[in-house]
Amino acid sequence: MASIIQHRGKWRAQVRRKGFPVYTKTWDTKAQAERWARQVEADIERGLRPSATAVAGGSYTVAAMIEDYRRLREASRPVRDTSTEHYNLVRLAGYLGDLDASRLRPEDLVGYAQRRADEGAGPYTVNTEVSKLGTVMRMVASLKHMTLPDVVHQARPLLNHLKLIGGGGRRERRPTDDELARVIAHMEATYGLLYADAVRFAVGTAMRRGEIVRVTWGDLDDKRRLILVRDRKDPRQKAGNDQWVPLLADTATGDMWDLVQRQPRTSDRIFPIHEQTLTKYFTWTCRALAIPDLHLHDLRHHAISLLFEQGYRIEQVALVSGHRSWQHLKRYTNLRPEDLHKGPSGR
């Protein structure tokens, strides 16, 4: 029998059953508390975990579920506001947030995937976001001792059939000289010199967008013309994985040291912009110019390939790109047999 007591002007219902966790919820009226307790007990008597609707006492929205997931993560490994996971959660809440998590259907996820595809998200990106939804649902269901549908598993065959999700593969897309020039000119005219210079900097340094927006004036070494990139991405170690990177003069987008020096010192950061905004403006620019299938991260591939084409050796390129394993740099060379006619330097 459920325990229902009055507490501080509210009615608290508590259901205890051997082999099940304790379910507790507070209500405005005794009738509401009794009705909720009966619903939870009915599920337990059938040997089931209570449904999300029963535990939540009503609709349990996707947005509320995502907030519960964030709170769960706070205890161990918080979701950083600058992480890809954070933006995945923001998108999921933005598109699906009003829906009842306990009644999500495969067609809801298909609709989500189609909208993301219309915005330019590729199958791998959509797959990552949908997978994150599955993780959220599993972890929250376990935390709150409730049943949620395995809708991601149910939706995958249809999402695969419609080619809305897929593997990452290896992108080899690089901008042509004309495309890059048009992108930079459009971004400068439309969004300002700061964003255009951020793109120039990406090509001249091979930095990732998160690294570009993090570097500060205090990270500069004026004497050696170096910049310290902190916590570079690494499969085994990120925190403390700092690296000094040369700001080269002879790059496809100009002298990187001069580019940095012309930035206004209005912030501790050299490029005081948000990485998501930079990506958004780059994407919008490509659409406006009808440049197909070009992503901001493709500029890193382009920059590293340019270094090889300029004749830098693999160990020298690694000093710029941050790769610990030279093996991983081989895919960036894009060398062709006919290039050998130009000599060892490729020039």
Side-chain angles (χ1 to χ4, degrees), residues 70 73-74 77-91 180 183-285 295-300 302-304 307 317-324:
R70 288 182 182 274
R73 287 285 302 275
E74 285 293 327
R77 187 166 54 90
V79 178
R80 294 183 296 111
D81 289 346
T82 57
S83 67
T84 300
E85 181 180 17
H86 166 73
Y87 294 109
N88 287 343
L89 295 174
V90 168
R91 291 188 197 96
L180 185 58
V183 164
I184 291 174
H186 185 276
M187 291 193 72
E188 184 168 341
T190 308
Y191 306 114
L193 179 61
L194 180 62
Y195 287 94
D197 275 352
V199 171
R200 292 185 178 100
F201 195 72
V203 175
T205 64
M207 287 188 194
R208 301 172 178 86
R209 63 174 189 174
E211 296 168 346
I212 293 171
V213 303
R214 283 202 313 270
V215 290
T216 69
W217 294 105
D219 293 328
L220 286 175
D221 183 329
D222 293 350
K223 186 176 181 180
R224 296 187 296 165
R225 293 202 170 194
L226 304 177
I227 192 165
L228 183 63
V229 182
R230 301 180 187 275
D231 297 334
R232 296 207 88 167
K233 182 178 179 182
D234 184 86
R236 292 173 297 279
Q237 174 188 358
K238 182 175 181 180
N241 184 31
D242 303 339
Q243 180 187 14
W244 287 103
V245 174
L247 293 176
L248 301 176
D250 185 20
T251 79
T253 49
D255 186 316
M256 291 299 100
W257 180 262
D258 289 346
L259 185 148
V260 166
Q261 295 304 315
R262 74 172 179 235
Q263 302 308 310
R265 300 198 178 214
T266 58
S267 167
D268 290 337
R269 293 185 295 143
I270 296 172
F271 296 98
I273 56 181
H274 198 287
E275 61 183 282
Q276 288 294 117
T277 305
L278 178 59
T279 297
K280 178 173 66 176
Y281 287 171
F282 186 90
T283 300
W284 288 357
T285 293
H295 301 167
L296 180 63
H297 191 68
D298 293 336
L299 300 186
R300 176 169 162 82
H302 183 56
I304 295 171
L307 290 171
V317 174
L319 292 174
V320 178
S321 69
H323 285 86
R324 295 291 186 90

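For the numbers below, each heavy atom of this structure counts, side chains included, while hydrogens, waters and symmetry mates do not. Remember, it's a predicted structure, so these values are computed and weren't measured experimentally.
- Thr266 and Pro272 get closest at one heavy-atom pair: OG1-CG, 4.3 Å.
- We find that Asp197 and Arg262 are joined by a salt bridge, their nearest charged nitrogen and carboxylate oxygen being less than 4.0 Å apart.
- To the nearest 0.5 angstrom, Ile184 atom CD1 is 5.0 Å from Arg200 atom CZ.
- Below 30°, between 30° and 60°, or above 60°: for Trp284 and Tyr191 the angle between ring planes is between 30° and 60°, a tilted geometry.
- Listed by first then second residue, pairs satisfying ring-ring contact (aromatic ring centres under 6.0 Å, His included) with a partner in residues 208-230 number zero, not counting sequence neighbours.
- Within the model, atoms CZ of Phe282 and CE of Met187 stand 7.5 Å from one another, a figure rounded to the nearest 0.5 Å.
- Ile212 places none of its side-chain heavy atoms less than 4.5 Å from the side chain of Ile273.
- You'll find the side chain of Leu247 reaches within 4.5 Å of the side chain of Leu220, heavy atoms only.
- Shown here is Arg77, whose CZ atom has no more than 12 heavy atoms of other residues, nucleotides or ligands within 6.0 Å.
- Between Arg214 and Arg269 there is no side-chain heavy-atom pair separated by less than 4.5 Å.
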So Val229 and Arg208, side chain to side chain contact (heavy atoms under 4.5 Å, CB included) or not? Walk me through it.
-> CA-CA 10 Å; Val229 182; Arg208 301 172 178 86; over 6 Å; no

Could you walk me through whether Glu211 and Val215 pass side chain to side chain contact (heavy atoms under 4.5 Å, CB included), step by step?
-> CA-CA 6 Å; Glu211 296 168 346; Val215 290; 5.6 Å; no

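- Using a 4.5 Å heavy-atom threshold, the side chains of Leu194 and Pro264 count as separate.
- The side chain to side chain donor-acceptor pair (under 3.5 Å) test with His86 singles out one residue from Arg70, Arg91, Gln276, Arg80, and that residue is Arg70.
- Taking CD1 from Ile227 and CG from Asp221, the interatomic distance works out to 10.5 Å, rounded to the nearest 0.5 Å.
- Residues forming a side-chain hydrogen bond (donor to acceptor under 3.5 Å, both in side chains) with Thr285 (at least two apart in sequence, or on another chain): His186.
- Thr205 contributes a side-chain N or O that, together with a main-chain N or O of Phe201, makes up a donor-acceptor pair within less than 3.5 Å.
- In this structure, the separation between CG on Asp231 and CD on Gln243 is 12.0 Å, given to the nearest 0.5 Å.
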Step-by-step side chain to side chain contact (heavy atoms under 4.5 Å, CB included) determination, Arg224 to Trp244 = CA-CA 10 Å; Arg224 296 187 296 165; Trp244 287 103; 3.8 Å; yes

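- Other residues, nucleotides and ligands contribute at most 12 non-hydrogen atoms within 6.0 Å of the CG atom of Asp268.
- Taken to the nearest 0.5 Å, the CZ atom of Arg230 stands 5.5 Å off from the CG atom of Asp242.
- Looking only at distances, no side-chain donor or acceptor of His295 sits under 3.5 Å from a matching main-chain atom of His297.
- Within the 4.5 Å cutoff, no side-chain heavy atoms of Val260 are placed close to those of Arg225.
- For the side chain to side chain contact (heavy atoms under 4.5 Å, CB included) with Thr253, the lone residue among Leu259, Leu180, Leu299 that qualifies is Leu180.
- Leu248 CG to Met256 CE: the interatomic distance, rounded to the nearest 0.5 Å, is 8.5 Å.
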Starting from the C-alpha separation in whole Å, work towards a yes-or-no answer on side chain to side chain contact (heavy atoms under 4.5 Å, CB included) for Ile304 and Val317.
-> CA-CA 7 Å; Ile304 295 171; Val317 174; 3.8 Å; yes

